[in-house]
Amino acid sequence: MFITFEGIEGSGKSTQIGLLKDFLEKGGHTVLTLREPGGTSLGEGVRSMLLTVRDEEICPEAELFLYEACRAQLVLNVIRPALDKGVIVLCDRFTDSTLAYQGYGRGLGLEDICRMNSSATGGLCPDITFLLDIEAGAGLARAWSRLHAEQGVKEDRFEREEMRFHEKVRRGFLEIAESEERIEVIQGGGEIRSIHKDICAIIKRLSL
Ligand code: TMP
C-alpha cells in the first residue's frame, strides 16, 4: 500500500503522517515514512540545494528536473523495494506536488509534467492520496510560526514567495483532486485529532 500526503505549506501533512504511522503500526503493519524531495542521499542533497536561500535563482525547468531526479531515485531504490516486501509506504508529497507547484504555480506545461512524472515513477501511482486543504494565508502563518520556533532555521525560498503563488498552488491541488479518484480532500484547518480520525476512517474502508 502506497499512501501519499499533499497540500501547501502549513497544511499539517507531517503531523498527520506521524499519527497515521503510529495507528498503522499499532495494527501490526510495517510502515516506512518518506518525504519528497528526500529519502535517498541524492534526494536529501538536492533538497537542501532547492530549499536553501541562495544568490542564484533556480529556473522553473531546472527545478522540475531536480524534483523528478530525486523521485526516480527514491522510487527505484526505496519505494518499490519496500512495497515489494509488503511494507506500507507513507510519502510526504509525490507527483501531485510537481503538477501543483511547477505546473499550476510556476506555469510549466501540465502534459509535459505528467510525462516526466510517469517516467520518474515508472508508472507507480499512489493507492490513495490525502490532500490536506487549507487557505494559503492560514497555511503560511502556520509554516512561519513553526520555522521561527525552530532555532537557526531560516525561511526557505518557497516560503518567501508571495501569497498569490501559494493560492495558485492550492487551486491546482484542488483541480487535480477533481480529476483523480484516488485523492481524498481533507479540511486541513481543523483539529488535529479529528483530521486523524477522518483519515483512519478512510484507511479502514480500504480494509487495512
Ligand atoms: P516540504 O516538504 O517541507 O513542504 O518542502 C518541500 C518543498 O518543495 C515545498 O515547498 C514544495 C516543493 N516541491 C515542489 O515544488 N515540487 C515537487 O515536486 C515537490 C515534491 C516539492
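First listed ligand is number 1; within each ligand, the first listed atom is number 1. FYI, side chains are in, hydrogens and waters are out, and symmetry mates aren't considered; it's all heavy atoms of this structure. From a predicted model like this one, the values you see are computed outputs, not experimental measurements.
Under 4.0 Å is where a charged nitrogen must lie from a carboxylate oxygen, and between E167 and R164 no such pair does. Under the 4.0 Å criterion applied to side-chain N and carboxylate O atoms, E180 and R182 are assigned as salt-bridge partners.
Contact annotation: R93 has at least one heavy atom less than 4.0 Å from an atom of ligand 1. Ligand 1 lies less than 4.0 angstrom from a heavy atom belonging to R47. In this structure, R71 has a heavy atom closer than 4.0 Å to ligand 1.
Every atom of ligand 1 with a heavy atom of E9 under 4.0 Å away is listed here by number and element: 9 (C), 10 (O). Within the listing of ligand 1, atoms 14 (C), 15 (O), 16 (N), 17 (C), 18 (O) sit less than 4.0 angstrom from a heavy atom of Q102. Counting the atoms of ligand 1 from 1 in the order shown, those under 4.0 Å from a heavy atom of T98 are 17 (C), 18 (O).
Among residues two or more places apart in sequence or in another chain, the ring-ring contact (aromatic ring centres under 6.0 Å, His included) test is passed with F23 by none.
For the 3.5 Å distance criterion, the side chains of Y101 and R93 qualify, holding a donor opposite an acceptor.
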Please determine whether side chain to side chain donor-acceptor pair (under 3.5 Å) holds for the pair E175 and Y104, giving the CA-CA distance in whole Å, both sets of side-chain angles, and the decisive distance to 0.1 Å. CA-CA 10 Å; E175 232 172 86; Y104 289 88; 3.2 Å; yes

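Of the listed residues (R35, R80, E36), just one forms a side-chain contact (heavy atoms from CB on, under 4.5 Å) with L74, and that residue is E36.
Using a 4.0 Å cut-off between heavy atoms, E63 makes no contact with ligand 1 at all.
Checking only distances, Y101 never comes within under 3.5 Å of ligand 1, N or O to N or O.
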